[in-house]
Amino acid sequence: MKKAAEMQEQRQGANEEVTTVEFRTETPEMFEFVLQEGFQVSCVDNCSIREFLCLQLELCGDYTEKNIQTIFLNGKSVDGVDTATLRENDILALSAAMPGLVGAAMRKQGFFAKMRHSISHEGEADNDIEEEGKPCLVTVKLFNLLSRDLARDFLRHGLRFPMERFRTLIERRPKSFFSRLNEVIVNNERLRAPMDLAGSLPPSPGTVQLRLLEMEGC
């Protein structure tokens with residue numbers, strides 16, 4: 001998992017400026033506003049959605065089985081997390097159960113799944129598919145309570161955002177947001193105050209690599 005992420009960062013870094021932003025906080029769920037916007041994350045190309053969530057992000061367990069109720073891959077609902085595979089630039093959306101009949105119809109392997117056959121992701125055919133193994137980037141979007149509950153897991157893995165979008169989101173944060181940041185490190189330089197984050201970002205376009213660090217002493 002870590003090797004794939006590092007290889008992807010090196011490959012992307014050769015083509016664009018990447019600014020690393022690392023931080024420590026006891027409340028990573030306060031970054032839900034970022035996770036709801038959609039972000040890029042590294043994965044192994046041509047892996048199944050289950051492999052991505054369980055092996056690469058280490059998100060297997062009772063919580064994900066019970067609460068990730070709706071999955072969209074490139075705009076189509078997914079039932080088979082073992083057959084649907086992720087490729088470079090794919091868009092994966094994860095949601096808890098949505099209300100009403102629409103939510104019931106979109107729920108993975110739900111009773112009403114047959115109602116949406118024409119808009120369901122059928123999985124990849126065996127032909128013309130490269131072997132898995134090389135790193136790639138996919139876009140992930142988290143909806144409703146998942147953006148809070150899974151914040152720590154995704155942020156520890158490391159997320160990527162366009163620089164201008166990240167800067168705009170940070171500039172809109174109230175002072176109370178920065179007061180909950182124990183430490184912020186930009187390109188290996190510790191900021192004197194977390195409030196300086198927006199001003200410490202380079203003015204040029206590029207990408208921000210955002211990562212949660214373990215609290216010291218934990």
Side-chain angles (χ1 to χ4, degrees), residues 1-22 28 31-32 34-61 63-65 67-96 108 120-143 146-163 165-166 206-214:
M1 175 183 68
K2 184 177 180 180
K3 183 178 180 181
E6 290 175 347
M7 290 174 62
Q8 182 64 32
E9 289 175 16
Q10 292 172 2
R11 183 162 68 91
Q12 293 292 323
N15 300 322
E16 63 182 15
E17 181 180 354
V18 178
T19 300
T20 61
V21 176
E22 299 170 307
F31 277 87
E32 64 176 320
V34 172
L35 304 183
Q36 292 170 349
E37 286 281 320
F39 52 90
Q40 286 189 312
V41 63
S42 61
C43 77
V44 175
D45 190 42
N46 198 29
C47 69
S48 70
I49 292 176
R50 186 183 298 278
E51 289 170 336
F52 173 62
L53 294 176
C54 293
L55 301 182
Q56 298 175 44
L57 295 178
E58 301 178 349
L59 285 177
C60 273
Y63 176 85
T64 51
E65 287 294 327
N67 292 284
I68 300 180
Q69 290 293 316
T70 305
I71 300 175
F72 289 94
L73 179 58
N74 298 326
K76 292 193 172 185
S77 57
V78 173
D79 282 322
V81 294
D82 292 303
T83 57
T85 57
L86 297 173
R87 310 305 304 272
E88 181 81 33
N89 297 322
D90 275 351
I91 301 176
L92 178 68
L94 307 175
S95 174
K108 60 182 175 67
S120 294
H121 189 280
E122 299 294 339
E124 298 288 353
D126 291 333
N127 56 323
D128 298 326
I129 296 296
E130 300 177 8
E131 294 184 2
E132 65 179 63
K134 68 179 182 179
C136 71
L137 288 174
V138 297
T139 296
V140 176
K141 297 181 179 181
L142 301 180
F143 294 103
L146 296 186
S147 62
R148 289 183 62 84
D149 291 353
L150 299 181
R152 181 182 299 275
D153 300 280
F154 276 96
L155 287 166
R156 287 174 62 183
H157 182 77
L159 317 177
R160 300 171 71 95
F161 303 88
M163 174 66 73
R165 185 156 64 91
F166 181 75
T207 299
V208 171
Q209 175 79 26
L210 183 66
R211 181 177 287 119
L212 171 67
L213 301 177
E214 294 291 344

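- The structure places CG of Leu92 at 6.5 Å from CZ of Phe52, a figure rounded to the nearest 0.5 Å.
- Remark: Thr139 OG1 to Ile91 CD1 distance equals 5.5 Å, nearest 0.5 Å.
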Open item on the list: What verdict does the side chain to side chain contact (heavy atoms under 4.5 Å, CB included) test give for Phe143 and Leu94, after you've listed the backbone C-alpha separation in whole Å, the side-chain angles of each residue and the deciding distance to 0.1 Å?
Closed with: CA-CA 6 Å; Phe143 294 103; Leu94 307 175; over 6 Å; no

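- When every heavy atom of Pro28 is checked against every heavy atom of Ala151, the shortest pair comes out as O-CB, 3.6 Å.
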TODO: Any chance you could lay out the side chain to side chain contact (heavy atoms under 4.5 Å, CB included) test for Ile68 and Leu59, step after step, and finish with the verdict?
DONE: CA-CA 11 Å; Ile68 300 180; Leu59 285 177; 5.6 Å; no

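- Residues Val208 and Arg160 have side chains not in contact (no heavy-atom distance under 4.5 Å, counting atoms from C-beta outward).
- Separating the CG atom in Leu150 from the CG atom in Leu35 is a distance of 8.5 Å, to the nearest 0.5 Å.
- Inter-residue side-chain proximity for Leu155 and Leu210 is flagged as met; some heavy-atom pair is nearer than 4.5 Å.
- Going from atom CG of Leu142 over to atom CZ of Arg148 covers 13.0 Å, rounded to the nearest 0.5 Å.
- For the residue pair Arg211 and Arg156, the shortest heavy atom distance occurs at CG-O, 3.9 Å.
- Judged as a ring-ring contact (aromatic ring centres under 6.0 Å, His included), and not counting sequence neighbours, the contacts of Phe31 are Phe23, Phe177.
- In this structure a side-chain-to-backbone donor-acceptor pair under 3.5 Å is missing from Asp90 to Leu86.
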Task: From CA spacing to verdict: side chain to side chain contact (heavy atoms under 4.5 Å, CB included), Leu159, Gln40 - done: CA-CA 6 Å; Leu159 317 177; Gln40 286 189 312; over 6 Å; no

- [ ] Could you walk me through whether Cys136 and Cys43 pass side chain to side chain contact (heavy atoms under 4.5 Å, CB included), step by step?
- [x] CA-CA 6 Å; Cys136 71; Cys43 77; 3.4 Å; yes

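- Rounded to the nearest 0.5 Å, atoms OG (Ser77) and CD1 (Ile71) are 10.0 Å apart.
- Between Thr19 and Gln209, the closest side-chain pair of non-hydrogen atoms is not below 4.5 Å.
- Contact of the Val138 side chain with the Val41 side chain is registered, since non-hydrogen atoms from C-beta on lie closer than 4.5 Å.
- Using a cut-off of 4.0 Å between Lys/Arg side-chain N and Asp/Glu carboxylate O, Glu37 and Lys141 are scored as not salt-bridged.
- Panel note: side chain Asp149, backbone Leu146; no donor-acceptor pair is recorded below 3.5 Å.
- The line from CD1 of Ile49 to CG of Asp82 is 9.5 Å long, rounded to the nearest 0.5 Å.
- Between Leu137 and Ser42 the shortest side-chain heavy-atom distance falls below 4.5 Å.
- Using a 30° and 60° split on the angle between ring planes, Phe154 and Phe39 fall in the perpendicular class, above 60°.
- No donor-acceptor pair under 3.5 Å is formed between the side chain of His157 and the backbone N or O of Glu58.
- For the residue pair Ser147/Gln36, the side-chain donor-acceptor check at 3.5 Å is satisfied.
- Side-chain contact between Arg50 and Leu55 is absent, with no heavy atoms from C-beta onward closer than 4.5 Å.
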